Amino acid sequence: VFGLSTVAQVVLGRGDFGQHLSINLGFGIGVTLGIHAAGGISGAHLNAAITLTHCILGNLPWRKLPAYLIGQFLGSFTAAATVFGLYYDALYDYTKGNFTVTGPTATASIFATYPAPYVSLLGGFFTEFMATAMLLLGILIIHDENNNGALKGTQALLTGILVLGIGLGMGLNTGYAINPSRDLPPRVFTAIAGWGMDVFTAGHHWWWVPLTAPLLGSLAGVFIHKLFIDFHNQPVVKSGNEKRQPVVETS
């Protein structure tokens with residue numbers, strides 16, 4: 001809701017009610033609040049690529065995958081419907097009732113990502129791959145207690161800042177989907193709500209890239225962290241004095 005509504009405000013406000021930074025901040029704030037809301041309940045799996053990666057690595061039972069994916073789909077689909085209702089009047093005024101995917105008054109990009117006109121399919125795939133790799137690498141670093149992990153309670157905020165950073169530096173080519181469950185459900189909603197099947201054919205059938213590239217990028221991020229950081233972490237060994245300290249304090 002935070003992310004899509006900021007995109008809607010920037011587009012429909014014709015630049016008078018926010019800029020590119022507004023969109024990045026909106027998604028960063030949304031991620032932060034999402035982690036606070038769901039972190040203790042489910043681990044805050046807001047991203048299908050991350051959920052699949054955890055299943056592949058054996059950190060999450062495969063039997064739980066359908067529940068996570070359904071929850072992500074419903075949440076993202078409902079968010080798109082909410083923003084559509086919130087800005088329906090503005091959408092109608094902006095487009096004169098003609099909802100299009102491309103053209104001077106295109107509005108489909110409010111809800112799902114589309115590549116810039118100059119970006120090739122391969123270039124867009126690589127962008128999403130690298131952006132998601134950086135996302136996973138950053139998340140693992142933030143939660144790496146054996147290295148220099150974040151202070152307890154700051155992980156959600158730092159993850160939101162991480163998403164903000166990705167948007168600031170890697171959002172030009174594709175709008176940084178970096179999340180299948182952020183992109184596909186709103187795309188399905190727009191197909192139903194009036195934009196039609198063009199949402200699946202635009203950008204040389206772009207729709208499948210935000211589904212596959214983030215998964216591969218997520219696995220690459222885990223590999224980079226394992227190879228260059230995790231394998232080199234030193235176990236924390238307490239000295240004898242540190243072990244006896246509680247006894248001294250108690251006595």
Side-chain angles (χ1 to χ4, degrees), residues 24 27-28 31-32 34-35 38-39 42-69 71-73 76 113 115 119-152 154-184 206-237:
N24 299 324
F27 277 105
V31 167
T32 299
I35 293 173
S42 67
H45 286 224
L46 312 179
N47 188 327
I50 294 178
T51 303
L52 282 167
T53 298
H54 277 297
C55 289
I56 292 171
L57 296 177
N59 299 328
L60 183 72
W62 283 96
R63 59 182 174 79
K64 292 187 177 183
L65 179 63
Y68 276 80
L69 295 184
Q72 291 162 2
F73 186 98
S76 190
T113 63
V119 176
S120 66
L121 202 61
L122 180 60
F125 191 99
F126 182 67
T127 299
E128 288 295 324
F129 173 86
M130 283 303 305
T132 313
M134 295 305 296
L135 173 68
L136 260 291
L137 181 58
I139 289 174
L140 292 172
I141 290 171
I142 289 170
H143 291 83
D144 190 352
E145 296 181 356
N146 293 324
N147 184 17
N148 189 23
L151 295 175
K152 184 178 180 181
T154 65
Q155 293 92 340
L157 175 61
L158 290 173
T159 305
I161 294 174
L162 170 64
V163 172
L164 169 63
I166 291 172
L168 289 174
M170 305 181 193
L172 177 63
N173 288 342
T174 63
Y176 74 110
I178 60 174
N179 183 354
S181 46
R182 168 264 178 274
D183 193 83
L184 180 60
W206 168 257
W207 69 273
W208 65 271
V209 176
L211 300 184
T212 56
L215 175 59
L216 296 177
S218 177
L219 293 171
V222 172
F223 176 76
I224 293 170
H225 180 264
K226 284 286 185 183
L227 183 62
F228 294 105
I229 297 176
D230 192 40
F231 287 157
H232 307 282
N233 279 335
Q234 299 296 321
V236 179
V237 179

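Note that the numbering runs from 1 along the sequence shown for the chain. Note that the structure is a prediction, hence the values are computed from the model and not measured.
- Closest approach of Ser218 and Ala49 over heavy atoms only: OG-O, 3.7 Å.
- When every heavy atom of Ala177 is checked against every heavy atom of Pro210, the shortest pair comes out as CB-CB, 3.9 Å.
- Contact check for Pro180 versus Leu69: no side-chain heavy atoms found under the 4.5 Å cut-off.
- Not a single donor-acceptor pair under 3.5 Å links the side chain of Tyr176 to the backbone N or O of Gly169.
- Under the 4.5 Å side-chain criterion, counting only non-hydrogen atoms from C-beta, Leu215 is not in contact with Leu211.
- Proximity of Asp183 to Thr113: side-chain heavy atoms (C-beta onward) are separated by under 4.5 Å at one or more points.
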Show the numbers, then the answer: is there a side chain to side chain contact (heavy atoms under 4.5 Å, CB included) between Leu60 and Thr51? CA-CA 8 Å; Leu60 183 72; Thr51 303; 3.7 Å; yes
Audit row: Leu121, Trp206, side chain to side chain contact (heavy atoms under 4.5 Å, CB included) steps and yes/no: CA-CA 7 Å; Leu121 202 61; Trp206 168 257; 4.0 Å; yes
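- Taking CG from Asn179 and OG1 from Thr132, the interatomic distance works out to 8.5 Å, rounded to the nearest 0.5 Å.
- Met170 contributes atom CE, which lies 12.0 Å from atom CG of Asn24 (distance to the nearest 0.5 angstrom).
- Within a 6.0 Å radius of CZ in Phe126, other residues, nucleotides and ligands contribute 12 heavy atoms or fewer.
- Residues Leu140 and Lys226 fail the side-chain proximity criterion, which asks for heavy atoms closer than 4.5 Å.
- With Ser76 contributing its side chain and Gln72 its backbone, the two residues share no donor-acceptor pair below 3.5 Å.
- Between the Thr127 side chain and the Gly123 main chain, a donor and an acceptor come within less than 3.5 Å of each other.
- By the neighbour-count criterion of 12 heavy atoms within 6.0 Å, atom CE of Met134 is sparsely surrounded, having that number or fewer from other residues, nucleotides or ligands.
- When every heavy atom of Val119 is checked against every heavy atom of Gly124, the shortest pair comes out as CG1-N, 3.4 Å.
- Without hydrogens or angle criteria, Glu128 side chain to Ile178 main chain gives a donor-acceptor distance under 3.5 Å.
- Interatomic distance, Leu184 CG to Phe73 CZ, rounded to the nearest 0.5 Å: 5.5 Å.
- For Asn147 and His232, the side-chain atoms include no donor-acceptor pair closer than 3.5 Å.
- You'll find the side chain of Ile35 stays beyond 4.5 Å of the side chain of Gln155, heavy atoms only.
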With side chain to side chain contact (heavy atoms under 4.5 Å, CB included) as the test, would you mind laying out the steps for Asp230 and Asn233 before giving the verdict? CA-CA 5 Å; Asp230 192 40; Asn233 279 335; 3.4 Å; yes
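- Remark: the backbone N or O of Ile139 is paired with a side-chain donor or acceptor of His143 at under 3.5 angstrom.
- In this structure, the side chains of Ile141 and Asn148 stay at 4.5 Å or more apart for every pair of heavy atoms.
- Below 30°, between 30° and 60°, or above 60°: for Phe125 and Trp208 the angle between ring planes is between 30° and 60°, a tilted geometry.
- A 4.5 Å side-chain heavy-atom check between Phe228 and Leu137 finds every atom pair outside the cut-off.
- The distance from atom CG of Leu162 to atom CG of Leu136, rounded to the nearest 0.5 Å, is 9.5 Å.
- Side chain of Thr32 to backbone of Gly28: a donor-acceptor contact under 3.5 angstrom is found.
- A heavy-atom distance below 4.5 Å is found between the side chains of Ser42 and Tyr68.
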